[in-house]
There are 2 protein chains.
Amino acid sequence: MTILEAATRESAVTCCGMATTPVTEEDAARLAPMFKALGDPVRLRMASMIAARPELCVCEITPAFELSSGTISHHLKTLREAGLVDCERRGTFVYYWIQPEALAALSALLAPT
Amino acid sequence: MTILEAATRESAVTCCGMATTPVTEEDAARLAPMFKALGDPVRLRMASMIAARPELCVCEITPAFELSSGTISHHLKTLREAGLVDCERRGTFVYYWIQPEALAALSALLAPT
DNA sequence: TCCTTGTCTCGACAGCCATCGAATCAACAC
DNA sequence: GTGTTGATTCGATGGCTGTCGAGACAAGGA
């Protein structure tokens, strides 16, 4: 079971945000890395750009930031390892898309239904 | 204008999450520190504990973690500086409460209306 | 006044992280 | 094969951060 699946299922089970029931130690350990990944302005913008479209090519992300391609890849990897996005190579290009369940899990935690 | 007020107003103006419109550079700079503050398991649990009640005494938070009082204070300060909580001393004790607008701003960003 | 208790601040330190440039890899065109 | 372009990985570095313990501060009681 991936982190994402666990987080999604958990939020579905608890069905309420932290404003009603405090998160368990285990949930905190699973969800905190997702918040952490969004805790950098560059990555927050990246995630936002990716979420605003069905999928997005790295070649469209890179020119939006004045950063080296190495740093861009590093941030995308961080978002991927947090379970917030996934990617696929198609020919020369790599495309990223959002994992909506991950966003939903975080959102559910912040705002009780 | 505080960070919190700015974030709250912004989310009210845009009224949609990052799944529909990418956040601006300025919004990202304002909101990322809030996500970052929630990006530590200890702070996420703390915020959750505080959010689950109208207000919470530090003396109730401290025993929930196996950490020194210095570290507890440090994390609470981080949450406060991020605009997620506020506090007040009443006699010997200090009480913390959540800033619901801050959570709402983050939630609005994650989940379009 | 002195002592106790709750909380915060300070100084220090080990570990993590954002960034860069260089090197490497993948796919394609020639 | 050779070269080119897109993307990732690697190594290094300066800065940030989570943690502790000790000290300082605030409030109240003996």
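Below, chains carry the letters A, B, ... as their sequence lines are ordered, and counting in each starts from 1. Side chains are part of it too, since the values below use all heavy atoms of this structure and drop only hydrogens, waters and symmetry mates.
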I'd like a table of donor-acceptor pairs (distance under 3.5 Å, sequence neighbours excluded) in which one partner is a side-chain atom from residues 69-79 of chain B, with atom names and distances.
unit_1	atom_1	unit_2	atom_2	d
B/Thr71	OG1	B/Ser68	OG	3.0
B/His75	ND1	B/Arg43	NH1	3.1
B/Thr78	OG1	B/His74	O	3.0

Rounded to whole Å, how long is the line connecting atom [atom1] of [X] with atom [atom2] of [N]?
X: A/Leu76; N: D/dT8; atom1: CG; atom2: P; value: 6 Å
X: A/Glu88; N: C/dA27; atom1: CD; atom2: C1'; value: 15 Å
X: A/Tyr95; N: C/dA27; atom1: OH; atom2: P; value: 14 Å
X: B/Arg80; N: C/dT9; atom1: CZ; atom2: C1'; value: 11 Å
X: A/Arg45; N: C/dA18; atom1: CZ; atom2: C1'; value: 15 Å
X: A/Ile72; N: C/dC20; atom1: CD1; atom2: C1'; value: 12 Å
X: A/Glu81; N: D/dT8; atom1: CD; atom2: P; value: 12 Å
X: B/Lys77; N: C/dC10; atom1: NZ; atom2: P; value: 7 Å

Would you indicate whether the side-chain heavy atoms of [Y] and [X] approach each other to under 4.5 Å?
X: A/Lys36; Y: B/Asp40; result: no
X: A/Glu88; Y: A/Val94; result: no
X: A/Leu106; Y: A/Leu109; result: no

Give the C-alpha distance, both sets of side-chain angles, the deciding distance and a yes or no for side-chain contact (heavy atoms from CB on, under 4.5 Å) between A/Leu38 and B/Leu31.
-> CA-CA 9 Å; A/Leu38 294 178; B/Leu31 298 173; over 6 Å; no
Quick check against the 3.5 Å criterion: does [X] have a side-chain atom that pairs as donor or acceptor with the backbone of [Y]?
X: A/Thr62; Y: A/Val58; result: yes
X: B/Arg80; Y: B/Ala82; result: no
X: B/Ser48; Y: A/Val23; result: yes

If you check every side-chain atom of A/Val58, which of C/dT7, D/dA7, D/dT9 has the closest atom?
-> D/dA7
What is the nucleic acid contact for A/Tyr96, judged by heavy atoms within less than 4.0 Å: base, sugar-phosphate only, or nothing?
-> sugar-phosphate
Using a 4.0 Å cut-off on protein heavy atoms (strictly under), produce a 5'-to-3' string for nucleotides 16-30 of chain D with B for base contact, S for backbone-only sugar-phosphate contact, and - for none.
-> SSBBB-----SSS--
Using a strict 4.0 Å threshold on nitrogen-to-oxygen distance, state whether A/Glu55 and A/Arg90 make a salt bridge.
-> yes
Work out how much the helix from C/dT1-D/dA30 to C/dC30-D/dG1 bends between its end axes, five pairs an end, to the nearest 10 degrees.
-> 10°
